[in-house]
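Note that the structure is a prediction, hence the values are computed from the model and not measured.
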Amino acid sequence: MPTQLDHLVIAARDLEQGVAYLEQQLGVTLPPGGEHPRMGTHNHLMRLGDNLFLEVIAISPTLPPPEQPRWFGLDDPLVRASINARPSLLTWVVNCDDIGHLLQQAALPFGRREAVSRGELNWYFGIPEDGRLLAGGMLPYLMQWQVEEHPAQRMADLDCRLHQLHIHHPYPLWLIAMLESIGAADLVQVHPLFTNHVPFLAAEIDTPAGRRVLRSPGALLPAQ
């Protein structure tokens with residue numbers, strides 16, 4: 001099975017803030033998902049396609065801090081400051097059928113394979129030792145589901161579908177080469193930016209209220 005787009009990650013100071021943000025942006029209310037005890041996070045989820053979903057994630061106030069840095073850079077002071085101010089599209093995740101092989105062939109370190117579970121769901125996830133965002137969130141995390149049916153098929157269907165994921169980057173050829181090394185270059189559209197601009201993600205989502213766009217924090221920053 002080729003590398004596939006699995007889900008988009010919206011990060012927020014807390015889940016209430018994240019759900020309210022998506023109500024404003026997309027006009028839908030995401031239902032609760034569950035907790036990730038190993039990472040000290042919890043989420044809300046909705047379906048974006050047959051094997052694709054959107055996740056709103058936040059640090060859980062009730063779970064103990066994990067023994068390692070949380071995923072998605074959630075312990076990074078700069079990431080925390082950004083999502084405390086405003087929820088945003090933080091990064092994206094792809095899945096495959098052999099994460100060990102994909103991590104070995106990747107052109108740069110995408111993390112180490114770790115087993116993760118939530119309820120009856122089990123998967124492997126590539127987690128950097130320091131929990132950092134990969135290329136500031138522009139490169140995806142890698143995962144491999146250990147389930148027969150993709151979990152998106154059991155998630156709430158709020159009539160939202162991903163139309164296209166875009167990455168705007170000052171070094172597009174480098175980014176494309178990194179994506180090609182994990183078989184993900186055809187999953188997104190990469191656009192060039194001037195070298196003094198901050199890269200950012202933009203997800204076009206078709207909703208009951210029309211097409212909407214979710215963007216990562218870099219889209220809001222001025223050129224340096």
Which pairs with one or both residues in residues 131-145 pass salt bridge (charged side-chain N to carboxylate O under 4.0 Å, His left out), sequence neighbours excluded? D130-R132
Would you please classify the geometry between the H168 ring and the F200 ring as parallel, tilted or perpendicular, with 30° and 60° separating the classes? parallel
Contacts of E114 meeting side-chain contact (heavy atoms from CB on, under 4.5 Å) (sequence neighbours excluded), chain-then-number -> R38, Q68, R112, I127
Measuring from R212:CZ to T207:OG1, what's the distance to the nearest 0.5 Å? 5.0 Å
Does the side chain of V28 come within less than 4.5 Å of L22's, by heavy atoms? no
Answer with yes or no whether the hydrophobic clustering places L5 together with L102; edges join I, L, V, M, F, W, Y residues whose side-chain heavy atoms lie under 4.5 Å apart. yes
Intermediate values then yes/no, side-chain contact (heavy atoms from CB on, under 4.5 Å), H101 and C96: CA-CA 10 Å; H101 174 71; C96 62; over 6 Å; no
Mind running side-chain contact (heavy atoms from CB on, under 4.5 Å) on L187 and Q4 for me, showing each step along the way? CA-CA 7 Å; L187 303 180; Q4 297 182 350; 5.5 Å; no
Which residues pass the ring-ring contact (aromatic ring centres under 6.0 Å, His included) test with H163, sequence neighbours left out? none
Aromatic ring proximity W71/Y141, centre distance under 6.0 Å: no
Any pair counted as salt bridge (charged side-chain N to carboxylate O under 4.0 Å, His left out), so long as it reaches residues 174-189, sequence neighbours left out: none
Considering all heavy atoms of both residues, which atom of G49 and which atom of A152 are nearest to each other, and what is their separation? O-CB, 4.1 Å
Between M46 and L26, does a side-chain contact (heavy atoms from CB on, under 4.5 Å) hold up when you go through it step by step? CA-CA 12 Å; M46 78 167 179; L26 304 181; 3.7 Å; yes
d(M178 CE, F110 CZ) to nearest 0.5 Å is 8.0 Å
How far does CG of N43 sit from CD1 of I10, to the nearest 0.5 angstrom? 12.5 Å
Answer yes if L63 and F72 sit in the same cluster of Ile, Leu, Val, Met, Phe, Trp and Tyr residues linked by side chain heavy atoms under 4.5 Å apart, and no otherwise. no
Does A202 offer a backbone N or O that forms a donor-acceptor pair with the side chain of H166 under 3.5 Å? no
Can you say whether the rings of W123 and H36 are parallel (under 30°), tilted (30 to 60°) or perpendicular (over 60°)? perpendicular
Might you point out which heavy atoms bring A203 and L162 nearest each other, and give the distance in Å? CB-CD1, 4.1 Å
Look at the side-chain heavy atoms of Ile, Leu, Val, Met, Phe, Trp and Tyr, link any pair under 4.5 Å apart, and say whether L89 and V213 land in one connected group. no
Calculate, to the nearest 0.5 Å, the distance between atoms CD1 and CE belonging to I99 and M143 respectively. 8.0 Å
With sequence neighbours excluded, residues passing side chain to side chain donor-acceptor pair (under 3.5 Å) with T91: none
Who are the side-chain contact (heavy atoms from CB on, under 4.5 Å) partners of P31, not counting sequence neighbours? A156, L158
Pairing donors with acceptors under 3.5 angstrom, does anything connect the side chains of N95 and H7? no
Distance from L48 atom CG to E55 atom CD, nearest 0.5 Å? 11.5 Å
Do V93 and F125 touch side chain to side chain, with heavy atoms closer than 4.5 Å? yes
What is the minimum heavy-atom distance between M138 and S216, and which atoms define it? CE-OG, 4.1 Å
Can you tell me how far the CG atom of N122 sits from the OG atom of S117, to the nearest 0.5 Å? 5.5 Å
Would you please test L45 and L54 for side-chain contact (heavy atoms from CB on, under 4.5 Å) and show each step? CA-CA 6 Å; L45 305 164; L54 183 149; over 6 Å; no
Can you check whether H44 reaches P32 side chain to side chain, under 4.5 Å on heavy atoms? yes
Going by heavy atoms in the side chains, are D6 and V94 under 4.5 Å from each other? no
Suppose we screen for side-chain contact (heavy atoms from CB on, under 4.5 Å). Which residues come up paired with D157, at least two apart in sequence or across chains? R47, R161
Please list all pairs meeting salt bridge (charged side-chain N to carboxylate O under 4.0 Å, His left out) that have one or both residues in residues 18-29, counting only residues at least two apart or in different chains. none
Within one Ile-Leu-Val-Met-Phe-Trp-Tyr cluster: L108 and L133, side-chain cutoff 4.5 Å: yes
I182 side chain near P140 side chain, heavy-atom distance below 4.5 Å: yes
Tell me if the aromatic rings of H169 and H191 count as close, with their centers under 6.0 Å from one another. no
Residues two or more places apart in sequence or in another chain: which of them pass side-chain contact (heavy atoms from CB on, under 4.5 Å) with Q17? A12, R13, D14, P87
Sorted by chain and residue number, the salt bridge (charged side-chain N to carboxylate O under 4.0 Å, His left out) partners of E149 (sequence neighbours excluded) come out as R154
Verify, without hydrogens or angle tests, whether S181 (side chain) and A107 (backbone) share a donor-acceptor contact under 3.5 angstrom. yes
Considering residues at least two apart in sequence or located in another chain, which fulfil the side chain to side chain donor-acceptor pair (under 3.5 Å) criterion with W92? none
Which pairs count as salt bridge (charged side-chain N to carboxylate O under 4.0 Å, His left out) when at least one residue sits in residues 65-80, sequence neighbours excluded? R70-D75, D75-R80
Please give me the minimum heavy-atom distance between V79 and G73, naming the atom from each residue. CB-O, 3.3 Å
Please answer whether the main-chain N or O of Y124 pairs with a side-chain N or O of Q146 as donor and acceptor at a distance below 3.5 Å. no
Do D206 and D159 have side chains that approach each other closer than 4.5 Å (heavy atoms only, starting at C-beta)? no
According to a 4.5 Å side-chain heavy-atom criterion applied to Ile, Leu, Val, Met, Phe, Trp and Tyr, with indirect links allowed, do L52 and V147 form part of one hydrophobic cluster? yes
Tell me, do L90 and L201 make a side-chain contact under 4.5 Å, heavy atoms counted? no
Check the side chains of N51 and Q153 for a donor-acceptor pair under 3.5 angstrom, ignoring hydrogens and angles. yes
Any side-chain heavy-atom pair of I205 and C160 under 4.5 Å: yes
